[in-house]
A.B. asks: 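Pasting a structure below so you can have a look.
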Amino acid sequence: MMKNILKYVLPAFCILFTANDADAQQWSGPKRKPEKPIEVKYGSLTPANRTDATMEAFRNYGLGQFIHWGVYSLAGNEWEGVSARGGAAASEWIRSWSGPTAPKDWKNTYDNLYKQFNPKDFDAKRWAKQAKDMGAKYVIFTTKHHDGFALWPTKYSDYNISKSPYKKDIVKQVVDAYTAEGIDVYLYFSILEWNNPNYMGKAPQTDEEKRKFDKFLHYTRNQLLEQLKNYPQIKGFWFDGTWDASWKSAYEFTYNLEKELREKHPGLIIGSRFRNDEHGSRHFDSNGNMLGDYEQGWERKLPVEFEWLEGHDWDAVMTIPPNGWGYMKDWSGIYTKTTDDLLDMLMRSRSMNGNFVLNFGPDGNGNMHPEEDKIAKEIGEWVKQNAEAIYNVRHAALTPSKLGYFTQKGDQLYLTVFNRPVNNIVRIAAPKNAQQVPTTAELLVGGEKLNLKPADIGLDLDKNTYYDVILPKGFVSDRAFVLKMKLGTPKSKSARLMDAKM
Ligand code: H79
């Protein structure tokens, strides 16, 4: 019994908790700063807050789509009626299924599954249209997950789409279809490769290991250059697995690789997950300079405080089920996020200058999960109506509201209300020294003008002034709604004058 626990539970536990790594630390509090600058040779290569057009576009995307698709999609987190829940870390991890429920000779079965990959309903144009209707401005597509199966006909490995019955280049179809819809494409690339003999999952020690891993690094470089060459329209890469000790040991190689990728593809966008400096510092080098163009938090996590972000660009990637990025046939018995949950996360991200990226896991035939279809449609309907509050907006320097999230564009202020007060008075707090406060208000949808008046609740030592927006009697909304306000200089200075006299 004990032996079994050690055999099955311990490895899973180790996967989750052994490495006290930078990824898990992301967005868990203010950033730690080095006490004094230290020497860093392989640190940040890019200026903070790039201002070129590609980066400006990134800043304004607002909403993105992630797609996890590969051999694992054929399984859908189960095999011959047996669920992998509890036996594999996530649906796209099903190759690592172990424990009493794992099918016999499973890894071998999995490594041969690509011979059945023939998605009869796959239509990249249909996906791209759906993403467009949902309001996504960029897509991140899995070209190769940890299992190593490449969805493009790579010259550097035989384990790729051209060897499946489907044969055709899937990455090309996705890049072309999304680009045609005006959606920017980012390629997801895992640097892990479970079935590659040259990949080792630990820092290479012996000469033999070093030789092998060096081969693996060059192979990785070749594949990335191949992607840039094949798909010149892409805007960036999204890297995964880069916490691996082998990758971390290769800081000189990855530093040069980042340089090379940027030279080959001017404007390329790479997040902070790509690499580390020679001291093992990831996301930010040992002097606190960001490694890459935008901050990648840990998965399925949003920052709590705007201040933690220190003005960086960022995005958050999110699943609908609790975890599991690849297709999961069975959604029963788990909490799956609702459209309202996801819209809340979208607007929370936007209120802090981030992009929100929602994951989809199509099945082995190329169809989205029916629930994903429904959610995409519902999000799209809402986003279309409230686009003004979502795209090309920035954080607003008002006191955060418990009722919803502020966004701002010039002197237009938006409050997306998720928690409607029972008295229908939406009270907005502005710091007493605010140069700009709400002066007029209307409902974004429909444009109905609303009564807005200053409120004075007379709290001693209060740092805020208040503005009440009165919702019309009979106003109904079955989802969050947006108040659009005009910002102007405070009309009444009486409160401040009174303070000054005392
Ligand atoms: O593709 C999806 C997942 O399959 C993949 N990333 C998303 C987008 C993923 N691979 N592994 N993981 C997620 C979880 C890995 C967690 C850990 Fe660690 C790696 C635990 C210990 C090492 C990172 C570093 C988190 C804590 C330390």
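Here the structure is a predicted model, which is why all the values come from computation and not from measurement. For ligands, and for the atoms within them, numbers begin at 1 and follow the listed sequence. Computed from heavy atoms alone, side chains included, the values below leave out hydrogens, waters and symmetry copies.
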A.B. asks: Does a salt bridge link D176 with K172, judged by any charged N lying under 4.0 Å from a carboxylate O?
C.D. replies: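 Looking at K172 together with D176, the answer is yes, because their closest N to O distance falls below 4.0 Å.
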
A.B. asks: Kindly confirm or rule out an N or O of R273 lying under 3.5 angstrom from an N or O of ligand 1.
C.D. replies: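 No: no nitrogen or oxygen of R273 is under 3.5 Å from one in ligand 1.
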
A.B. asks: Is the H68 to F66 ring centre distance short of 6.0 Å?
C.D. replies: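 Ring centroids of H68 and F66 are less than 6.0 Å from each other.
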
A.B. asks: Could you tell me whether E378 and R479 have a side-chain N and a carboxylate O separated by less than 4.0 Å?
C.D. replies: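 Salt bridge between E378 and R479, a charged N being under 4.0 Å from a carboxylate O: yes.
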
A.B. asks: Using a strict 4.0 Å cut-off to heavy atoms of H145, name the atoms of ligand 1 that fall inside it.
C.D. replies: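 What qualifies from ligand 1 is 1 (O), 2 (C), 3 (C), 4 (O).
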
A.B. asks: Report yes if the distance between the aromatic ring centroids of W27 and W314 is under 6.0 Å, otherwise no.
C.D. replies: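 Yes.
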
A.B. asks: Are any of the N or O atoms of W238 closer than 3.5 Å to those of ligand 1?
C.D. replies: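 By distance alone, the answer is no.
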
A.B. asks: With heavy atoms of E92 as the reference, note each atom of ligand 1 found under 4.0 Å away.
C.D. replies: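 It comes down to these atoms of ligand 1: 2 (C), 3 (C), 4 (O).
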
A.B. asks: Looking at ligand 1, does D240 have a heavy atom less than 4.0 Å from it?
C.D. replies: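 Right, D240 reaches ligand 1.
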
A.B. asks: Based purely on interatomic distance, does W93 place a nitrogen or oxygen under 3.5 Å from a nitrogen or oxygen of ligand 1?
C.D. replies: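 Yes, there is a polar N/O contact under 3.5 Å.
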
A.B. asks: Please could you name the atoms of ligand 1 that H68 approaches to less than 4.0 Å, counting only its heavy atoms?
C.D. replies: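 In order of numbering, the contacting atoms are 1 (O), 2 (C), 8 (C).
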
A.B. asks: Please list, in number order, the atoms of ligand 1 under 4.0 Å from a heavy atom of H146.
C.D. replies: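 Selected atoms, number and element: 5 (C), 9 (C), 10 (N), 11 (N).
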
A.B. asks: Give a yes or no on whether the ring-centroid distance for F117 and W69 is below 6.0 angstrom.
C.D. replies: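 Yes.
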
A.B. asks: Taking the six-membered ring for Trp, are the ring centroids of Y219 and Y156 within less than 6.0 Å of each other?
C.D. replies: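 They do not qualify: ring centres at least 6.0 Å apart.
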
